[in-house]
Amino acid sequence: PEIKPIVAEQGPDAVSRRYLAALTLLSLVALAASQSLVAYLLAGVSAGLWLTRPGPSANALVGRAGATSVPVGDLPVDFSGQFVMARLDGDMEAFAEMVGIPFGVRYAMRKMNWGVGRMKAEVTQKGRRLRVEMPPKKTNDFVVGMPGQEIFLPSGETAVVTPDFEEDRQAIILDNLKMNGGSMGLKIEMFFDSEGYFVEALHVNNQVIHRRFARLT
């Protein structure tokens, strides 16, 4: 039998179908990219997100040089739960500029109201061990009261801290965190306020930001 060469379909209908297929593919890529960008902007560069990659687990720190045994006893406050940011107090624009977030990113974040109503957090607690997750891929484990724990800062640098608990305010404190080559100090506080919000207070130089998260579960 005669073997006929395979010829690509021609004509306006074929061109239209190819154009539609290409347009659909580009749309899917753009959609995925935009969703990733929104997620990144909301959880990756908002100035309060002090973790840029997973930190070492508390289990891995036990027995490490410079670390002591895990403190015993539960905290008087249970921080566990899933939360969404409901309110932002403070000059976030000035804060973001101070910590070095580029103008374009600040502009996009401002258009999204700095994540209010969008940014979520999940805290898991067992005794003095806490895991704080802020998607995407923002997770850290630490033990309150145990020295020699390493966390990651927005600048990509690391800091070794001893998370403390302040009895009077019922707050977890991470203090003396050095950013940008040691030129900038960061202090983080986590507590519940009188309205029941889970609060992340961020102190850099003279700027203070309070991100208030409403409980989902």
Side-chain angles (χ1 to χ4, degrees), residues 39 42-64 66-90 114-154 158-177 179 186-204 208-217:
L42 290 181
V45 297
S46 184
L49 281 186
W50 39 288
L51 303 173
T52 58
R53 49 182 171 169
S57 69
N59 287 327
L61 287 162
V62 177
R64 196 176 85 174
T68 62
S69 59
V70 177
V72 297
D74 293 342
L75 295 177
V77 180
D78 186 0
F79 290 90
S80 299
Q82 294 181 328
F83 308 88
V84 63
M85 186 160 67
R87 208 168 85 204
L88 177 66
D89 299 328
W114 304 103
V116 174
R118 298 170 181 259
M119 184 182 293
K120 294 183 180 179
E122 182 172 358
V123 181
T124 305
Q125 179 178 342
K126 185 176 182 181
R128 289 175 172 266
R129 298 177 184 271
L130 281 90
R131 165 170 286 190
V132 181
E133 299 178 79
M134 291 186 179
K137 299 180 181 179
K138 299 293 180 293
T139 303
N140 201 25
D141 300 288
F142 59 88
V143 178
V144 175
M146 189 174 76
Q149 297 180 80
E150 192 174 67
I151 67 170
F152 297 87
L153 305 178
T158 61
V160 177
V161 297
T162 300
D164 199 6
F165 185 77
E166 191 176 295
E167 293 283 350
D168 292 345
R169 298 172 55 227
Q170 302 282 280
I172 293 174
I173 310 293
L174 297 98
D175 202 357
N176 242 355
L177 308 175
M179 294 174 53
L186 171 66
K187 178 181 178 181
I188 303 165
E189 301 173 325
M190 292 180 286
F191 57 91
F192 287 103
D193 67 8
S194 59
E195 298 177 77
Y197 287 114
F198 171 61
V199 181
E200 184 189 49
L202 308 158
H203 304 254
V204 173
V208 182
I209 297 295
H210 290 86
R211 300 196 306 173
R212 302 183 188 274
F213 291 79
R215 184 180 291 278
L216 295 174
T217 61

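Counting from 1, the numbers follow the sequence of the chain as shown.
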**OP:** Could you pull out all residues at least two apart from Glu167 that satisfy salt bridge (charged side-chain N to carboxylate O under 4.0 Å, His left out)?
**Re:** none

Original post:
To the nearest 0.5 Å, how far apart are NE2 in His210 and CG in Asp89?
Top reply: 7.5 Å

**OP:** May I ask you to test the Phe165-Val77 pair for a side-chain heavy-atom distance under 4.5 Å?
**Re:** yes

Original post:
If you measure from CE on Met119 to CD on Glu200, what distance do you get to the nearest 0.5 Å?
Top reply: 8.5 Å

Subject >> Nearest heavy-atom neighbours spanning Val123 and Phe79 >> reply: CB-O, 3.3 Å

Original post:
So, do Phe142 and Val161 sit near enough that their side-chain heavy atoms are less than 4.5 Å apart?
Top reply: no

**OP:** May I ask you to check whether over 12 heavy atoms, not counting those of Lys187, lie within 6.0 Å of atom NZ?
**Re:** yes

**OP:** Not counting sequence neighbours, which residues clear side chain to side chain donor-acceptor pair (under 3.5 Å) with Asp193? List them please.
**Re:** Arg212

**OP:** Provide the closest heavy-atom pair for Thr124 versus Ser80 in the form atom of the first, atom of the second, distance.
**Re:** C-OG, 3.9 Å

Original post:
Excluding sequence neighbours, so at least two apart, what forms salt bridge (charged side-chain N to carboxylate O under 4.0 Å, His left out) with Arg215?
Top reply: none

Original post:
Does Glu189 use its side chain to pair, donor to acceptor, with the backbone of Ala201 at less than 3.5 Å?
Top reply: no

**OP:** With rounding to the nearest 0.5 Å, note down the distance linking CZ in Phe83 to CD in Glu122.
**Re:** 9.5 Å

Original post:
Given side chains that start at C-beta, do those of Leu202 and Ile188 come closer than 4.5 Å, heavy atoms only?
Top reply: yes

Original post:
So which heavy atom on His203 is nearest to which on Val208, and how close?
Top reply: ND1-CG2, 3.4 Å

Original post:
Once you round to the nearest 0.5 Å, how far does CD of Glu133 lie from CD of Gln82?
Top reply: 9.0 Å

Original post:
Within the side chain of Gln170, is there an N or O that forms a donor-acceptor pair under 3.5 Å with the backbone of Phe192?
Top reply: no

Original post:
Closest approach of Gln149 and Pro163, non-hydrogen atoms and distance?
Top reply: NE2-CD, 3.2 Å

Subject >> Arg131 to Asp141 - nearest heavy-atom pair and separation >> reply: NE-OD1, 2.6 Å

Subject >> Residue pair Ala86 / Tyr197: nearest heavy atoms and the distance that separates them >> reply: CB-CE2, 3.8 Å

**OP:** Report yes if some heavy atom in the side chain of Asp164 is under 4.5 Å from a heavy atom in the side chain of Asp175; otherwise report no.
**Re:** no

